[in-house]
Amino acid sequence: MLASKIFVPFIKDNPSEAEVVSHQLLLRAGMIRKVASGIYNWLPLGFKTLKLVEEIVREEISKTGAHEIFMPMVQPKDLWVDSKRWDKFGPELLRFKDRHERDFCLGPTHEEIITDLIRNNLNSYKELPLTLFQIQTKFRDEIRPRYGIMRGREFLMKDAYSFHIDSESLNITYLSMREAYKSIFNRLGLEYKIVKADSGAIGGEISEEFHVLADSGEDTLAFSDESEIAINAELLISAGEDINSLSGKSFPNSNEIIRLAKGIEVGHIFQLGDVYSTAMNATVIDEKGDRQILQMGCYGIGVSRIVAAAIEQNHDDKGIIWPKNIAPIQISILPIFKEQNDNALLFAKELYLKLNQQGLRVMLDDRQERFGKKITESELIGCPYAVVIGKNYTDNQTVEVISRTADKSEIKASEVETFLTRAFQ
RNA sequence: CGGGGUAUAGCGCAGUCUGGUAGCGCACUCGCUUUGGGAGCGAGUGGUCGUAAGUUCGAAUCUUACUACCCCGACCA
């Protein structure tokens with residue numbers, strides 16, 4: 001990609017509407033723009049990262065044997081009445097009528113749709129267990145959207161749903177999904193914790209949350225250094241108690257000491273059991289020929305929220321520091337040249353083509369701009385590496401490689417391709 | 001919905017108290033110079049001052065209503 005051709009509207013001053021770092025940087029780096037409160041445009045760079053996150057999620061979920069589908073955003077009232085949630089869900093369910101005065105809503109989640117799909121089209125225990133998932137835009141008319149895409153009203157979510165003949169089968173899928181989630185966050189290059197959670201409005205019994213660790217996180221996590229115990233700290237405090245007072249105490253029914261950390265919830269997995277299948281009468285015929293209520297699990301990941309969470313966890317005063325697997329641009333090549341036929345520019349173009357052929361995401365900054373502007377913008381948008389090709393190339397046949405996370409280094413021009421290829425292996 | 005705040009050019013802001021026909025920095029356009037840490041000089045473009053009504057000879061400025069957006073709270077994958 002060429003810097004002169006891509007649409008990246010930088011902002012020098014922090015927009016006054018942005019309070020949190022990820023929101024500020026996404027705006028300043030030209031990755032998103034607001035359309036209305038909690039509703040955003042995704043511009044080329046931001047969209048690229050969103051797609052990279054989405055693809056990692058898709059691959060890992062698919063590996064569990066789940067199949068991808070695509071469900072509608074607009075959902076009829078009947079199904080929500082069926083599940084008893086039309087009245088229960090409250091005003092965050094955005095409702096409207098079509099031209100025939102029939103009631104609809106914008107889908108904040110898809111339990112109703114998928115349970116309806118399955119009850120109408122799956123009849124035998126032999127077809128179980130089955131897991132389906134989608135990656136799709138959700139809409140929740142939040143009371144107060146905030147922090148940019150961190151809590152938007154419209155957001156991209158991966159939601160998976162599994163169906164089982166019994167709770168044992170549900171548990172097996174639940175655990176494999178849990179493993180898939182771990183693989184996802186490892187590949188994303190994010191520090192995270194899994195904590196026991198309140199299953200909330202979605203219902204069901206067993207559930208765990210995946211949190212990306214960040215000081216700015218809205219949730220407080222309580223965990224132990226000695227074991228796997230970890231729990232959303234909300235669940236440990238009684239009314240009126242300050243959450244931070246937990247620090248140093250021990251867990252209930254344990255002598256392990258509580259440590260606290262801030263997290264951003266980006267995933268939630270549930271064993272729903274038969275909440276929806278009972279309400280909506282979703283059954284299959286078992287091996288004895290009897291009708292059995294289905295057991296269900298559901299598994300969500302906030303794909304767009306991950307983009308914000310990654311920035312909250314990985315940034316400095318210069319800008320974003322993308323983990324290499326989700327960097328929209330992994331390497332920016334910055335020729336500092338005086339004329340179009342300058343040797344530095346020619347070498348830069350050559351390196352650009354070679355790295356592209358290696359499958360790396362590379363940007364050539366072919367604009368006639370000064371070094372300061374090019375490197376500042378490269379750092380703002382979070383490129384893990386910038387290659388500066390200028391005076392040192394002309395004088396000594398070396399280039400400077402500026403890492404976003406390590407010291408800069410001077411490298412022979414002939415070796416820089418190998419150096420960078422290795423860095424991304 | 002309760003509390004607090006903001007609305008003037010793409011972004012950040014001044015001007016509002018004390019009414020007199022809109023300004024600064026950045027960005028953008030053109031020219032010349034410049035090219036290793038957000039360049040310099042010169043010349044330009046761009047705003048029905050959130051919307052509507054009112055007061056007034058005259059409103060960004062005063063009055064009223066409305067709308068949008070942000071922050072705190074309740075709520076929330």
Side-chain angles (χ1 to χ4, degrees), chain A residues 9-20 23-24 27-28 30 33-39 89-93 107-111 136 138-148 150-161 181 197-204 207-212 218-219 232 234 263-270 272 298-306 309 318-319 334-340 342 344-345 365 367-380 386-395 398-402 408 410:
Chain A
F10 290 103
I11 299 174
K12 225 173 214 184
D13 301 311
N14 258 330
S16 57
E17 68 180 38
E19 194 78 5
V20 299
H23 190 194
Q24 293 173 344
L27 287 169
R28 288 189 50 211
R33 284 294 182 269
K34 185 174 68 183
V35 175
S37 181
I39 300 174
F89 215 90
E92 57 268 26
L93 186 63
T109 177
H110 282 74
E111 279 86 5
Q136 201 235 25
K138 298 277 189 276
F139 191 93
R140 293 182 192 175
D141 199 0
E142 295 278 349
I143 298 174
R144 185 154 83 86
R146 59 183 120 176
Y147 307 144
M150 185 84 84
R151 174 167 314 177
R153 291 191 290 175
E154 189 176 296
F155 56 99
L156 190 65
M157 180 171 177
K158 186 283 300 177
D159 46 328
Y161 305 87
Y181 273 44
D198 181 5
S199 49
I202 298 287
S207 86
E208 289 170 295
E209 296 168 346
F210 285 70
H211 286 258
V212 167
E218 286 190 87
D219 289 296
N232 192 319
E234 289 286 338
I264 300 164
E265 185 189 348
V266 290
H268 203 156
I269 55 179
F270 298 85
L272 293 173
C298 85
Y299 318 91
I301 287 186
V303 177
S304 48
R305 182 180 281 182
I306 282 176
K318 292 175 176 171
L334 314 182
I336 310 303
F337 61 97
K338 292 180 177 151
E339 294 171 26
Q340 283 298 327
D342 190 303
L345 180 59
D365 197 337
R367 299 171 303 170
Q368 298 232 14
E369 295 288 354
R370 299 166 68 90
F371 169 73
K373 182 168 185 169
K374 289 185 175 184
I375 188 66
T376 305
E377 290 181 356
S378 169
E379 287 169 337
L380 174 60
V387 184
V388 186
I389 303 168
K391 229 183 294 177
N392 293 355
Y393 177 76
T394 317
D395 298 347
T398 64
V399 299
E400 185 170 50
V401 175
I402 301 178
K408 43 178 93 167
E410 201 71 26

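This is a predicted model, so every value here is computed, not measured. A, B, ... follow the sequence lines: proteins, then strands. Residue 1 opens every chain.
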Complement of [N], any strand, by Watson-Crick or G-U distances under 3.5 angstrom:
{"N": "B/U21", "value": "none"}
{"N": "B/G47", "value": "none"}
{"N": "B/C1", "value": "B/G73"}
{"N": "B/C32", "value": "B/G40"}
{"N": "B/A68", "value": "B/U6"}
{"N": "B/U16", "value": "none"}
{"N": "B/A59", "value": "none"}

For [N] versus [M], give the span between their [atom1] atoms, rounded off to a whole number of Å.
{"N": "B/G19", "M": "B/U61", "atom1": "P", "value": "12 Å"}
{"N": "B/G44", "M": "B/U48", "atom1": "C1'", "value": "23 Å"}
{"N": "B/U51", "M": "B/G37", "atom1": "P", "value": "45 Å"}
{"N": "B/U45", "M": "B/G5", "atom1": "C1'", "value": "34 Å"}
{"N": "B/C66", "M": "B/G2", "atom1": "P", "value": "12 Å"}
{"N": "B/G31", "M": "B/A22", "atom1": "C1'", "value": "29 Å"}
{"N": "B/A68", "M": "B/C75", "atom1": "C1'", "value": "22 Å"}

**OP:** Go through the structure and list residues passing side chain to side chain donor-acceptor pair (under 3.5 Å) with A/Lys158, not counting sequence neighbours.
**Re:** A/Tyr181
Just call it for [X]: base, sugar-phosphate, or nothing, with non-hydrogen atoms closer than 4.0 Å on any strand.
{"X": "A/Phe155", "result": "base"}
{"X": "A/Gly302", "result": "base"}
{"X": "A/Asn392", "result": "base"}
{"X": "A/Ile402", "result": "base"}

What is the distance from [atom1] of [X] to [atom2] of [N], rounded to the nearest Å?
{"X": "A/Gln368", "N": "B/U33", "atom1": "CD", "atom2": "P", "result": "13 Å"}
{"X": "A/Lys12", "N": "B/G38", "atom1": "NZ", "atom2": "P", "result": "10 Å"}
{"X": "A/Lys391", "N": "B/U34", "atom1": "NZ", "atom2": "P", "result": "15 Å"}
{"X": "A/Ile11", "N": "B/C13", "atom1": "CD1", "atom2": "P", "result": "12 Å"}
{"X": "A/Glu209", "N": "B/A77", "atom1": "CD", "atom2": "P", "result": "8 Å"}
{"X": "A/Leu345", "N": "B/U35", "atom1": "CG", "atom2": "C1'", "result": "13 Å"}
{"X": "A/Leu334", "N": "B/G37", "atom1": "CG", "atom2": "P", "result": "13 Å"}

Whether the side chain of [X] and the base of [N] hold a donor-acceptor pair under 3.5 Å is what I'd like checked.
{"X": "A/Arg367", "N": "B/G38", "value": "no"}
{"X": "A/Glu369", "N": "B/G38", "value": "no"}
{"X": "A/Glu379", "N": "B/G38", "value": "no"}
{"X": "A/Asp13", "N": "B/G25", "value": "yes"}
{"X": "A/Lys408", "N": "B/G37", "value": "yes"}

Has the side chain of [X] got a donor or acceptor atom that lies under 3.5 Å from a matching backbone atom of [Y]?
{"X": "A/Ser207", "Y": "A/Phe270", "answer": "no"}
{"X": "A/Lys374", "Y": "A/Arg367", "answer": "yes"}
{"X": "A/Arg33", "Y": "A/Pro9", "answer": "yes"}
{"X": "A/Arg153", "Y": "A/Arg140", "answer": "no"}
{"X": "A/Arg305", "Y": "A/Glu265", "answer": "yes"}

**OP:** Output yes when at least one side-chain N/O atom of A/Arg370 is less than 4.0 Å from OP1 or OP2 of B/A39, else no.
**Re:** yes
Original post:
Going through the distances and angles, do A/Ile389 and A/Phe337 end up as a side chain to side chain contact (heavy atoms under 4.5 Å, CB included)?
Top reply: CA-CA 8 Å; A/Ile389 303 168; A/Phe337 61 97; over 6 Å; no
**OP:** For A/Leu380 and for A/Asp219, locate the closest nucleotide of RNA chain B by heavy-atom distance; then report the residue assigned to the nucleotide nearer the 5' terminus.
**Re:** A/Leu380
Original post:
Starting at the 5' end of RNA chain B, which residue's closest nucleotide do you reach first, A/Met150 or A/Lys373?
Top reply: A/Lys373
Original post:
If you measure from the ring centre of A/Phe371 to the centre of the six-membered ring in the base of B/A39, is it under 5.5 Å, with the planes under 30° apart?
Top reply: no
**OP:** Mark up nucleotides 68-75 of chain B, 5' to 3', with B wherever a protein heavy atom is under 4.0 angstrom from a base atom, S wherever such an atom reaches only the sugar-phosphate, and - elsewhere.
**Re:** -SSBBBBB
Original post:
Can you find a pair of side-chain heavy atoms, one from A/His110 and one from A/Gln136, that are under 4.5 Å apart?
Top reply: yes
Original post:
By side chain to side chain contact (heavy atoms under 4.5 Å, CB included), which residues pair with A/Thr376, not counting sequence neighbours?
Top reply: none
